[in-house]
Amino acid sequence: MAHSLSLSLSLSLPTRAPLLRLLRRRRGPAHSVAPPRLPVCSAPPRPRRGALFLGPGGAGGRRRSGVGSRTMSASIYSTTVDAESAMTKNGGDMELLPFVYDKHGGIIIEMTSPMDPQAFSASLKSLLSKWREQGIRGVWIKLPISLANLIQSAVEEGFWYHHAEETYLMLAYWLPNTPHTLPVNATHRVGVGAFVMNDKREVLVVQEKSGVLKGLGIWKFPTGVVEPGEDINIGVVREVKEETGVDAEFVEVLAFRQSHKAYFEKSDLFFVCILRPLSFDITKQESEIEDAQWMPVEEFAAQPFVQKHELVKYILEVGLAKSDKEYAGFSPISIKSAFSPKQSLFYMNRRDLEKASGPIINTQKDS
């Protein structure tokens, strides 16, 4: 399931004004005081829909119930940037915790610079008290792996693990004494399988070097996993090229399968796609593929594995039905949301839709 936006964080005017007055009282005339500055940092990439996971609760009996949790309907990140200061007992120094307001009335603390765990804990405690009074509900902390020493302080304040990536950990906290409604982590992995057949009615098949089929001599269709931020129609073409060296053109999504409790207890969506070959010479992927070839479809279908494995049998059936023009799959059109200028792909049975309602009106260029 190797899907970045950068945004410099700075103090907004409403936040800086009272802070400057406080500094003037403590340190003298304004002309002798440099305005406090946050370290320049980048806002985290906007997560895709449903890209968060609710983990176990924090320490001290503050584990939150999963009742009422919901999936995310839009990016949680706001472009409004703010920061707040909290006084610590460390010689009167001002410790800053940079944060942004999200689009759902919550807070995201974005740590980028090293900080003493005790000072971090004191600042966090003060901010949580203030936000609770303000009616803030959800609070997030994004900790880069370089600041892993702050994890314990956050957990001791009641935060729990939400999700993690290679470079950071996201923690969550629900301020009201009610079941939380924070969005959950990504629940599905997206896989693709390719049905590619040439004019000789030979299908492109491979034998894998690893996994459950290693050494069994079984021929299968090329398969793989869509990378973060990658469209299905792009990912399946890439997988065919990587595994076999064959260039191909995406035609349609023919079908998909959903399963549960797969990799890391996540659910799995597997999209069966039909591709049109643009080249025919095979160069197998040495790291993953034991062998690859064009095989007569009857020979492929005669394998005992195909007869026993319902998924492979159905892939073969829908692939042949499409090739014989008796089956319509789903092809993508590029669409734009009313809430965002970002483009996305909408897959549909265009043939039958046109039969039912006439030509499709599409002002966007097809992908």
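All of these numbers come straight from a predicted model, not from anything done at the bench. As a basis for the values below, the full set of heavy atoms in this structure was taken, side chains included, without hydrogen atoms, waters or symmetry mates. Index from 1, following the sequence.
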Open item on the list: Taking Asp281's backbone N and O only, do any of them form a donor-acceptor pair with Ser279's side chain (distance below 3.5 Å, no angle check)?
Closed with: no
Open item on the list: Looking at Asp268 and Lys261, is there a salt bridge between them, counting it only when a charged N and a carboxylate O are closer than 4.0 Å?
Closed with: no
Task: Heavy-atom side-chain proximity of Leu97 to Phe120 below 4.5 angstrom - done: yes
Open item on the list: Please list all pairs meeting side-chain hydrogen bond (donor to acceptor under 3.5 Å, both in side chains) that have one or both residues in residues 238-255, counting only residues at least two apart or in different chains.
Closed with: Glu230-Arg238, Arg238-Glu242, Lys241-Asp247, Glu249-Arg276, Glu252-Lys322
Open item on the list: Is the shortest side-chain heavy-atom distance between Leu204 and Val240 below 4.5 Å?
Closed with: yes
- [ ] Kindly state each residue pair satisfying ring pair (Phe, Tyr, Trp, His ring centres under 6.0 Å) with at least one member in residues 199-255, sequence neighbours excluded.
- [x] Phe195-Phe221, Phe221-Phe300
Task: Side-chain heavy atoms of Leu175 within contact of Arg132, under 4.5 Å - done: yes
Task: Check against side chain to side chain contact (heavy atoms under 4.5 Å, CB included), Thr181 and Arg137 - done: CA-CA 9 Å; Thr181 59; Arg137 300 188 300 168; 4.3 Å; yes
Task: Leu182 backbone acceptor or donor facing His180 side chain under 3.5 Å - done: yes
- [ ] Hydrophobic side-chain clustering at under 4.5 Å (ILVMFWY, transitive links): who's grouped with Val206? Put none if nobody.
- [x] Ile289
Open item on the list: To check you understand the geometry: which heavy-atom pair defines the closest contact between Ser323 and Met197, and what is its length?
Closed with: OG-CE, 3.4 Å
TODO: Apply side chain to side chain contact (heavy atoms under 4.5 Å, CB included) to Val297 and Leu320, showing your working.
DONE: CA-CA 9 Å; Val297 66; Leu320 291 175; 3.9 Å; yes
Open item on the list: Leu254 vs Tyr327, test: side chain to side chain contact (heavy atoms under 4.5 Å, CB included). Steps then yes/no.
Closed with: CA-CA 8 Å; Leu254 297 178; Tyr327 182 93; 4.0 Å; yes
Open item on the list: With a 3.5 Å distance limit and no angle check, can you tell me whether Asp102 reaches the backbone of Gly105 through a side-chain donor-acceptor pair?
Closed with: yes
Open item on the list: Strictly distance-based, threshold 3.5 Å: is any side-chain N or O of Trp160 a donor or acceptor partner for the main-chain N or O of Val155?
Closed with: no
TODO: Take Trp131 and Ile107 through the side chain to side chain contact (heavy atoms under 4.5 Å, CB included) test and state the conclusion after the steps.
DONE: CA-CA 9 Å; Trp131 289 333; Ile107 297 288; 3.5 Å; yes
Task: Any donor-acceptor N/O pair, Ser123 side chain to Ala119 backbone, under 3.5 Å - done: yes
Task: Pairwise side-chain contact, Val236 with Leu275, heavy-atom cut-off 4.5 Å (strictly under) - done: yes
Task: Tyr161 ring center near Phe159 ring center (under 6.0 Å) - done: no
- [ ] Measure the OG-CD1 distance between Ser331 and Ile274 for me, rounded to the nearest 0.5 Å.
- [x] 12.5 Å
TODO: Measure from the side-chain N and O atoms of Gln207 to the backbone N and O of Asp291, and report whether any donor-acceptor pair falls under 3.5 Å.
DONE: no
Task: Pairs where residues 305-318 contributes a residue and the test side-chain hydrogen bond (donor to acceptor under 3.5 Å, both in side chains) is met, not counting sequence neighbours - done: none
- [ ] Please answer whether the main-chain N or O of Lys200 pairs with a side-chain N or O of Asn198 as donor and acceptor at a distance below 3.5 Å.
- [x] yes
TODO: Look at atom NZ of Lys125 and say whether more than 12 heavy atoms of other residues, nucleotides or ligands are closer to it than 6.0 Å.
DONE: no
Open item on the list: A side-chain contact here means heavy atoms from C-beta on lying under 4.5 Å apart; do His260 and Gln258 qualify?
Closed with: yes
Open item on the list: Taking Glu208 first and then Lys220, would you say they form a salt bridge - that is, a charged N and a carboxylate O separated by under 4.0 Å?
Closed with: yes
Task: Met111 side chain near Leu143 side chain, heavy-atom distance below 4.5 Å - done: yes
Task: Minimum side-chain heavy-atom gap Ser121-Leu150 below 4.5 Å - done: no
Open item on the list: Centre-to-centre under 6.0 Å for His163 and Trp140, is that the case here?
Closed with: no
TODO: Name all residues meeting the ring pair (Phe, Tyr, Trp, His ring centres under 6.0 Å) criterion together with Phe271; count only those two or more places apart in sequence or in a different chain, and write none if there are none.
DONE: Phe256
- [ ] Could I get the full list of salt bridge (charged side-chain N to carboxylate O under 4.0 Å, His left out) partners for Lys284, not counting sequence neighbours?
- [x] none
Task: Separation between CD of Glu202 and CZ of Phe280, rounded to the nearest 0.5 Å - done: 10.0 Å
Open item on the list: Taking the side chain as everything from C-beta on, heavy atoms only, tell me whether Val192 gets closer than 4.5 Å to Ile232.
Closed with: yes
Open item on the list: With a 4.0 Å cut-off on N to O distance, would you call Arg201 and Asp324 a salt bridge?
Closed with: yes
